[in-house]
Undergrad: 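Structure in structure tokens, see below.
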Amino acid sequence: MTPEQLRDLVRTAVAAVVERGTLAVAVPDDVLVERPKNPEHGDYATNVALRLAKPAGMPPRAVADLLAEELRAQPGVARVDVAGPGFLNVTLAQGALGQIAVRAVTAGEGYGRTDTLAGQRLNLEFVSANPTGPVTLGSTRWAAVGDALARLLESSGAEVSREYYVNDAGAQIERFARSLQAVALGRPVPEDGYQGDYVGEVAARVVADEPGLLERPEDEQVAVFAERGVAAMVADIRSTLEGFGVRYDTFFSERTLHESGALEKAVATLREQGHVFEADGAVWLRTTVFGDDKDRVLVKADGEPTYFAADCAYYLDKRARGFDRVVIMLGADHSGYVGRYKALVAASGDDPDTHLEILIGQLVNLVRDGEPVRMSKRKGNFVLLTDLVDAVGTDAARYALARASVDQTIDIDADLWSRRTNDNPVFYVQYAHARISSVLRNAADLGLALGEAGDVDAGLLVHERENDLLRAIGEFPRVVTSAAELRAPHRVARYLEELAGTYHRFYDACRVLPRGDEEATPLTTARLWLCAATAVVLRNGLGVLGVSAPERM
RNA sequence: GCGCCCGUAGCUCAGCGGAUAGAGCAGGUGCCUUCUAAGCACUUGGUCGCAGGUUCGAGUCCUGCCGGGCGCGCCA
């Protein structure tokens with residue numbers, strides 16, 4: 001029996017007692033059935049009686065007693081205890097737990113997938129770093145977390161479109177182009193220009209692709225450097241991210257918004273809604289009525305649109321493309337943006353709480369010799385995605401970034417990360433998968449196969465370590481849905497570490513394959529199913545994080 | 001000054017209002033002639049920043065302090 005099935009049983013029990021008139025409450029939709037930390041508290045526990053006590057006007061333990069009696073009659077339930085303030089501790093019947101292994105193996109890649117978000121179309125924007133330099137360590141965090149989140153949401157049944165907003169317009173690009181030009185001409189880079197080594201490389205590439213460029217008028221040169229320089233940078237960013245396992249459905253060019261007149265249209269739309277006004281020669285959006293700190297300029301006094309005007313146009317474009325929900329991941333250095341963004345959504349007539357979701361994540365620092373290294377795209381002094389991958393590999397990089405809560409600022413110790421030690425839990429998890437793969441290989445060599453689901457007696461799995469493992473495997477679907485709901489991919493990583501540990505303890509305590517000239521028994525088969533089920537979950541879980549599940553290490 | 005995030009073991013961090021607060025690393029003691037020791041068992045280590053409040057119950061929610069990070073442009 002899976003925890004989901006037990007949850008349904010509990011709900012049915014509540015409904016039955018209510019039906020009989022002994023309990024006067026509304027049957028709750030969200031009954032919590034969880035795995036107790038203390039093994040003496042049975043296989044599963046629910047606090048439903050504690051929840052219902054107040055609305056029912058009865059003591060928690062009295063409610064619990066009613067439900068316990070009802071539950072005891074259910075098939076697959078061996079024992080129900082009322083404990084503490086009113087918890088229901090459920091012990092499943094012999095063999096009921098073992099079915100979890102069969103279910104996981106049978107479902108395979110589908111184990112952990114649900115339809116809780118079915119029908120939702122959402123647009124997830126992440127990274128969106130300016131195309132004026134390579135992908136930095138800070139952006140790498142959003143690549144790892146954003147991609148994992150996309151996979152999580154998809155696992156919960158949502159339709160997710162991954163999007164990268166390319167800021168290929170504006171003064172930043174102008175500065176970038178002038179920097180490229182300066183380097184190409186052998187001049188010093190302007191004070192406010194870009195100075196990494198890559199600037200020279202990109203400049204050389206542009207010159208090579210455009211013979212005679214440096215003999216043309218300077219204005220023309222800048223235009224060419226802007227056009228081709230940005231194109232080269234975007235191509236570089238794209239291939240870097242693909243190498244990192246992150247693919248986008250759309251690279252959206254800001255410039256197309258400018259060229260299509262979308263900004264003017266956006267301003268007009270907001271004006272129709274009655275939230276645009278003129279002051280000091282500029283055009284403003286009255287965002288303060290929707291909770292923003294101050295009103296925001298859409299068109300400057302010099303007639304140029306602001307970055308915010310492009311944001312307005314961009315948001316409206318996403319909505320016009322049919323997305324129910326626009327999700328944007330931003331670094332904490334952009335947290336000041338939330339207020340105006342929410343306000344623009346409200347000003348456009350949408351609901352800022354349902355149509356827009358902004359996820360703010362804290363920054364990543366590189367620490368070297370105990371001192372944080374400042375990262376700035378202008379100076380050449382920054383750590384790149386490629387540096388991180390070169391040092392620890394894609395798997396470790398993705399895992400390490402995805403296993404921390406985004407609310408937490410991460411300090412990455414350069415020495416620790418360039419070392420290859422088991423400080424990194426990804427090896428612990430991957431090792432469990434490799435270990436299982438080895439057992440299954442050896443089983444195949446002995447001519448042992450899993451066989452059909454009907455042929456395995458999962459009820460033979462009665463060892464404490466086996467039960468621990470079964471319960472852990474049973475948790476996976478819930479871990480996925482809750483991680484998706486909470487936008488917290490790191491929960492999957494933490495869960496996998498627990499699962500790996502649980503497997504290692506099982507492996508240590510329970511021999512799977514026959515030794516020497518022993519014969520295989522039905523227990524051998526049952527344990528092989530348990531191993532296979534664990535491998536399924538490890539693969540699916542690592543897959544959510546975009547990390548490989550190696551068969552050998 | 002205002003807004004957001006953080007403060008949990010020596011270190012890095014988990015912890016969806018539930019029972020005796022966890023993991024990894026670091027320290028200590030053990031376990032490989034047969035399935036991967038990148039593992040396992042045992043052990044040391046806590047005023048969950050401080051003070052109030054909410055309730056059957058608070059590391060978790062609310063308020064106020066203290067300490068640290070980020071942000072507050074007609075920049076992008």
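In what follows, chains are A, B, ... by sequence order, proteins preceding strands, each numbered from 1. Keep in mind that the numbers below use all heavy atoms, side chains included, and drop hydrogens, waters and symmetry copies.
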Undergrad: Are A/Phe476 and A/Tyr495 close enough that their ring centres sit under 6.0 Å apart?
TA: yes
Undergrad: For this output row, return yes or no: ring centroids of A/Phe506 and A/His463 closer than 6.0 angstrom.
TA: no
Undergrad: Using 30° and 60° as the class limits, which term best fits the ring planes of A/His334 and A/Tyr337: parallel, tilted or perpendicular?
TA: perpendicular
Undergrad: Whole angstroms only, please: what is the CG-C1' distance between A/Leu448 and B/rC35?
TA: 11 Å
Undergrad: Checking base pairs now: Watson-Crick or wobble, both atom distances under 3.5 Å. What partners B/rA76?
TA: none
Undergrad: Verify the contact: side-chain N or O of A/Asn47 to OP1 or OP2 of B/rA19, cut-off strictly under 4.0 Å; return yes or no.
TA: no
Undergrad: Given that both distances must come in under 3.5 Å, which nucleotide forms a Watson-Crick or G-U wobble pair with B/rG57?
TA: none
Undergrad: Do any side-chain nitrogens or oxygens of A/Lys54 fall under 4.0 Å of OP1 or OP2 in B/rC56?
TA: yes
Undergrad: Which glycosidic conformation, syn or anti, is assigned to B/rC16 if syn requires a torsion within 90° of zero?
TA: anti
Undergrad: How many whole angstroms separate atom CG of A/Leu538 from atom P of B/rU36?
TA: 16 Å
Undergrad: Using the C1' atom in both, what is the distance from B/rC16 to B/rU12, to the nearest Å?
TA: 24 Å
Undergrad: Can you list everything that forms a ring-ring contact (aromatic ring centres under 6.0 Å, His included) with A/Phe308? Sequence neighbours excluded, please.
TA: none
